[in-house]
Amino acid sequence: MGFGEALTTALHLLATRDPHVVAAVTVSLQVALLATLFATLLGAPLGFAVGSGRFRGRRVVEVALNTATALPTVVVGLLVYALLSRRGPLGDWGLLYTRSAMVLGETVLVAPLMAALTMALVSGADPRIHETALTLGASRLGAAWAVLRELRRGALAAVATGFGRLISELGVALMLGGNIENATRTMTTAIALETGKGELALALALGFILLGVALLVNAGAALVTATR
């Protein structure tokens with residue numbers, strides 16, 4: 001099949017909402033959204049604590065967080081696989097090759113990124129925001145919330161960056177999900193599979209959707225931050 005024919009077939013699959021395409025898109029969105037939520041809940045408070053804190057060893061923690069953002073996906077996948085495998089400490093939970101395992105692995109992958117982005121945002125914020133909130137009687141949590149409200153544009157961009165990283169992730173999804181059709185097959189794992197089989201049409205259709213989702217998320221984030 002030539003590229004032109006594959007492109008035509010891909011557009012037909014999109015127009016007819018092919019069930020294989022719909023299933024892969026659904027799994028991708030579910031896993032990426034949940035992992036983005038959990039990574040934000042874990043990474044943002046850590047990044048805020050490091051970015052606003054004044055403690056010995058802060059530089060070391062900053063370097064560690066920035067280094068963790070560059071962890072290869074296969075390394076994260078391997079570590080989580082070791083935890084969830086039958087002989088691993090969490091093997092009895094039976095999570096391997098499930099969406100839960102994919103969410104766990106992708107959360108571990110992106111939480112350091114969310115922490116590093118939050119740390120950079122808070123480090124560059126005006127310290128008087130935090131001090132003023134405390135002076136006005138806010139609790140530490142309330143003062144932190146006041147700072148994040150002032151930084152909401154950057155925070156939203158950070159969340160969009162994390163989601164963009166996860167929706168296009170392949171290594172962790174493949175190692176922990178197993179690429180099981182209608183269960184753990186995502187757009188990226190399906191693209192890899194179909195390309196290997198020479199089925200360019202389905203791979204192209206999923207590739208177009210992947211690009212479209214990334215475009216929508218970033219355009220939405222840009223629109224929201226521009227109007228606030």
Side-chain angles (χ1 to χ4, degrees), residues 29-73 75-76 79-80 83 89-90 99-169 172 213-228:
L29 290 176
Q30 286 178 348
V31 172
L33 286 172
L34 283 174
T36 301
L37 173 64
F38 293 140
T40 302
L41 293 176
L42 290 173
L46 175 61
F48 186 90
V50 176
S52 62
R54 298 291 181 270
F55 55 91
R56 183 179 296 180
R58 178 187 171 188
R59 290 293 181 189
V60 175
V61 177
E62 288 178 351
V63 171
L65 281 178
N66 289 327
T67 303
T69 63
L71 278 175
T73 59
V75 173
V76 174
L79 292 174
V80 179
L83 288 174
L90 304 181
R99 295 182 196 180
S100 297
M102 297 162 69
V103 171
L104 175 61
E106 294 192 356
T107 299
V108 173
L109 177 68
V110 168
L113 175 63
M114 301 305 298
L117 292 174
T118 305
M119 179 180 67
L121 277 174
V122 174
S123 297
D126 188 341
R128 289 174 296 183
I129 302 172
H130 189 259
E131 295 169 0
T132 301
L134 290 175
T135 303
L136 294 175
S139 62
R140 289 189 176 276
L141 185 60
W145 178 247
V147 174
L148 289 177
R149 279 179 57 85
E150 290 296 322
L151 301 173
R152 55 188 179 277
R153 291 185 178 181
L156 184 58
V159 173
T161 300
F163 179 80
R165 172 82 186 276
L166 291 177
I167 197 69
S168 59
E169 200 283 325
V172 171
V213 170
L215 178 62
L216 284 176
V217 170
N218 284 283
L223 182 62
V224 170
T225 55
T227 55
R228 287 178 178 272

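Across every non-hydrogen atom of V110 and G162, the tightest pair is CG1-CA, 4.0 Å. For the pair A125 and V147, the tightest heavy-atom approach, listed with the atom from each and the gap, is CB-CG1, 4.4 Å. Contact between A143 and L134 at its shortest, heavy atoms only, is CB-CD2, 3.8 Å. A160 and V217 get closest at one heavy-atom pair: CB-CG1, 4.0 Å. The two residues G142 and A138 come nearest to each other via the heavy atoms C-CB, 4.3 Å. Between V63 and T67, the shortest heavy-atom distance links the atoms O-OG1, 2.7 Å.
Two residues are said to be in side-chain contact when any heavy atoms from C-beta on lie closer than 4.5 Å; V159 and T36 meet this criterion. Within the 4.5 Å cutoff, the side chain of T73 has heavy atoms near those of the R165 side chain.
The line from CG of L41 to CG of L46 is 13.0 Å long, rounded to the nearest 0.5 Å. In this structure, T69 OG1 and L117 CG are separated by 8.0 Å, a value rounded to the nearest 0.5 Å. Taking CG of L71 as the start and CG of L113 as the end, the distance is 11.0 Å to the nearest 0.5 Å. To the nearest 0.5 Å, atom CD1 of residue I167 and atom CD of residue E106 are 8.5 Å apart. Rounded to the nearest 0.5 Å, atoms CG (L109) and CE (M102) are 12.5 Å apart.
Applying the side chain to side chain contact (heavy atoms under 4.5 Å, CB included) test between T107 and each of V31, V172, L42 identifies L42 as the sole match.
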Discussion item. Using the rule given for side-chain contact (heavy atoms from CB on, under 4.5 Å), can you reason through L37 versus F163, listing the C-alpha separation, both sets of side-chain angles and the distance that settles it, and then say yes or no?
Written reply: CA-CA 9 Å; L37 173 64; F163 179 80; over 6 Å; no
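Every side-chain contact (heavy atoms from CB on, under 4.5 Å) that E150 has, sequence neighbours left out, goes to I129.
Every pair passing salt bridge (charged side-chain N to carboxylate O under 4.0 Å, His left out) that includes a residue from residues 42-64 is listed here, sequence neighbours excluded: R58-E62, R59-E62.
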